[in-house]
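As structure tokens, the structure follows; a few thoughts come after it.
Count residues from 1 along the sequence. What you are looking at is a predicted structure, and each value in this text was computed from that prediction instead of being measured. We count ligands from 1, going down the list as the structure has it; atoms in each ligand are counted the same way.
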Amino acid sequence: MNREYLTIAFPKGKLFKLSRDLFEKIGFTAEGLEEKSRKLVISNEEKKIRFIIVKTSDVPTYVEYGAADLGVIGKDVLLESAKNVYELLDLGFGKCRLMMAVPNSQRREKFSDYANTRVATKFPHIAEKFFNSRGMQMEYIKLNGSIELAPIVGLSESIVDIVETGTTLRENDLVEIETILHATARLIANRVSFQLKFDRIKPMTDALRKILEEEKA
Ligand code: PRP
């Protein structure tokens, strides 16, 4: 852990710009902080802040090990990672749902009729917990993207995936069967950093909370 700097991990993808714009409002920014930056560590020397831009699913890992003091990550990815970090703040943006869906043509009568079939997902741990809670054993197929494709080409019977607008489901003639969880972006902190850098993290979190409340009002 670098004691001098506060290191913040931003995820690539949909949450990057929203994260950058929010932190900018409290003066936490750095020159050249762009998603596609070839430079991987972007520093603000004056404020002693460093930003790192990492693959979404890696954010909890950087934070758990203290390579980043703080990070922004979706609640869905955070739960799936099962990492030991503090969740400091619900940032409100990046709203989505994790749900189970199937091709319209292969809809079954009862939920329990899906027992013992294959589920394609980026979230096998959350999916397993969900189906276990229904007393259903399933086969989980871990994929890394374009999950909706799996049941269309016969790789699985169903999917557990993120829905935002519902466009991807509609365009692929999939129907939602059950919602598993609602998610938004969270600010997370490394447990040791939170103690050691409390004097910096506390006012920063308060300032973010204030902005979020003002925006809500
Ligand atoms: C996510 C998710 C769905 C899609 C949902 O994929 O996995 O495919 O967005 O959004 P919608 O309801 O607005 O259509 P993402 O674009 O992150 O890419 P991926 O398929 O590579 O995971």
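Distances from atom 22 (O) of ligand 1 to the heavy atoms of Arg170, Lys122, Glu164 show the closest one on Lys122.
The shortest separation from a heavy atom of Glu171 to ligand 1 is not under 4.0 Å, leaving the residue out of contact. Ligand 1 lies within reach of Lys14, whose nearest heavy atom is under 4.0 Å from it.
Checking Arg97 against Thr179 by side-chain atom types alone, a donor-acceptor pair falls below 3.5 Å. A side-chain donor-acceptor contact under 3.5 Å links Arg186 and Thr184. With no hydrogens or angles considered, no side-chain donor-acceptor pair links Glu171 and Thr168 at under 3.5 Å.
Side-chain heavy atoms closer than 4.5 Å link hydrophobic residues (I, L, V, M, F, W, Y) into clusters, and following such links, possibly through other members, connects Ile42 to Phe28.
Using a 4.0 Å cut-off to heavy atoms of Asp161, the atoms of ligand 1 that qualify are 2 (C), 3 (C), 7 (O), 8 (O). Less than 4.0 angstrom separates some heavy atom of Val163 from each of these atoms of ligand 1: 12 (O). Residue contact check: Glu148 has heavy atoms under 4.0 Å from atoms 3 (C), 8 (O) of ligand 1. The distance from ligand 1 to the heavy atoms of Gly166 drops below 4.0 Å at these ligand atoms: 11 (P), 12 (O), 13 (O).
Both the backbone and the side chain of Thr165 come within contact range of ligand 1, each with a heavy atom under 4.0 Å.
Less than 4.0 angstrom separates atom 20 (O) of ligand 1 from at least one non-hydrogen atom of the protein.
Within the cation-pi definition used here (under 6.0 Å to the ring centroid, within 45° of the axis), Arg20 does not qualify as a partner of Phe10.
Here Leu181 contributes atom CG and Phe123 contributes atom CZ; the two are 8.5 Å apart, rounded to the nearest 0.5 Å.
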